[in-house]
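Notes follow the structure.
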Amino acid sequence: MHLESVTTRVAQSPLWMPSSRQQSVRSQAGSRMQRPQVTSAAGSTVRRPILLIDIMDTVVRDPFYEHMPAFFGMTFQELMEAKHPESWVKFELGHISEQDLYDNFWRPGAAGVPFDGAALREHMASRYSLLPGMAELLQRLAAAGYELHACSNYPTWWREVEARLRLGDLLPWTFLSCEGPMRGLRKPDPAAFQAAALHLGVQPADLLLVDDREVNAQAARGHGMRAVRFVDTGRLEEELQAAGLEF
């Protein structure tokens with residue numbers, strides 16, 4: 001994808017608007033959203049990195065691998081063999097609706113079973129949970145003045161995550177593959193990172209990605225960003241501090 005097409009699409013895309021509760025949180029943090037500069041040990045002035053935080057299996061436990069197969073009474077491998085190879089990705093990209101996902105869930109010719117889509121969504125939503133220590137770590141980063149944004153390959157079910165875990169109290173859902181300035185793009189596509197940089201009005205070098213997938217971290221680094229692969233909260237704290245973040 002050419003840079004020009006990314007620039008045009010981001011400029012034309014309607015921005016995701018935070019809820020009134022999230023707007024309140026962000027307005028209370030107004031001073032830290034000015035992207036403060038800090039003085040390095042060498043005496044030069046540098047901009048603090050803006051953190052792009054992956055959500056699933058970085059902040060929130062992803063129920064896809066265990067609980068979706070369980071809903072159908074399948075193993076994960078059986079589900080992968082039976083489900084349509086493209087429908088979930090299209091749903092994540094915002095290219096099809098939730099009902100389209102249900103209507104095209106199974107691979108043609110596969111022995112898929114009829115199911116209640118709303119029951120599947122509720123089954124998945126009830127399994128969302130925060131990974132240990134991540135809420136506290138994000139709170140500390142925000143309190144120290146770091147600008148945080150969600151950056152997630154996820155469909156409109158992100159609203160179920162928000163309804164149950166209130167992540168909007170910790171960081172805005174700015175970059176989602178299903179809507180907003182990153183709509184239609186998924187990590188590790190460099191165009192997804194370029195869309196984030198264009199939306200924030202910064203250079204890739206000003207961004208730091210935290211993600212549990214090494215392929216995404218490598219792609220971010222290849223695009224000129226910094227990146228830390230998430231393994232657990234304790235190691236993330238150590239690696240962010242080793243990268244020069246103070247919190």
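In this text the structure is predicted, and so the values were computed from the model without any measurement. Atoms considered below: every heavy atom in the structure, side chains included; atoms not considered: hydrogens, waters and symmetry mates.
Across all their heavy atoms, T58 and D212 have their closest contact at OG1-N, 3.2 Å. Residues L52 and F175 share a closest heavy-atom pair of CD2-CE1, 3.9 Å. Across T233 and P132, no two heavy atoms sit closer than the pair OG1-O, 2.6 Å. Between A82 and A110, the shortest heavy-atom distance links the atoms O-CB, 3.4 Å.
Salt-bridge formation is not detected for the pair E66/R127: no Lys NZ or Arg NE/NH1/NH2 atom is positioned less than 4.0 Å from an Asp or Glu carboxylate oxygen. One finds a salt bridge joining R121 and E98 here, because a Lys/Arg side-chain nitrogen approaches an Asp/Glu carboxylate oxygen to under 4.0 Å. Taking a cutoff of 4.0 Å between a charged side-chain nitrogen and a carboxylate oxygen, K187 and D211 qualify as a salt bridge. Between R140 and E136 there is no salt bridge, since no side-chain N of the basic residue sits under 4.0 Å from a carboxylate O of the acidic one. Under a 4.0 Å N-O distance rule, the pair E122/R164 qualifies as a salt bridge.
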### Query
Given the rule in the salt bridge (Lys or Arg N to Asp or Glu O under 4.0 Å) test, do R166 and D169 qualify, once you have shown the distances and angles that lead to the verdict?
CA-CA 6 Å; R166 298 175 62 90; D169 288 340; 3.2 Å; yes
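A cation-pi geometry, defined here as NZ or CZ lying under 6.0 Å from the six-membered ring centre and within 45° of its normal, holds between R48 and Y146.
Residues F193 and L185 have side chains not in contact (no heavy-atom distance under 4.5 Å, counting atoms from C-beta outward). At least one side-chain heavy atom of M56 sits less than 4.5 Å from a side-chain heavy atom of P63. Side-chain contact between L141 and L51 is present, with at least one heavy-atom pair separated by less than 4.5 Å.
Residues W157 and Y128 keep their aromatic ring centres 6.0 Å or farther apart. Not less than 6.0 angstrom separates the ring centroid of Y154 from the ring centroid of F91.
Placement of L171 and F247 within a single hydrophobic cluster is found when ILVMFWY residues are connected by side-chain heavy-atom separations under 4.5 Å, directly or transitively.
No side-chain donor-acceptor contact under 3.5 Å links S177 to the backbone of R183. Put simply, the side chain of H123 gets close to the backbone of H67: a donor and an acceptor are under 3.5 Å apart. The backbone N or O of S97 lies less than 3.5 Å from a partner atom in the side chain of D100, making a donor-acceptor pair. Side-chain N or O atoms of R186 include none that pairs as donor or acceptor with a backbone N or O of N153 at under 3.5 Å. Using modelled atom types, one side-chain atom of S87 and one backbone atom of N104 make a donor-acceptor pair closer than 3.5 Å. Between the side chain of H84 and the backbone N or O of E86, at least one donor-acceptor pair lies under 3.5 Å.
No hydrogens or angles considered: a donor-acceptor pair under 3.5 Å links the side chains of W88 and E92.
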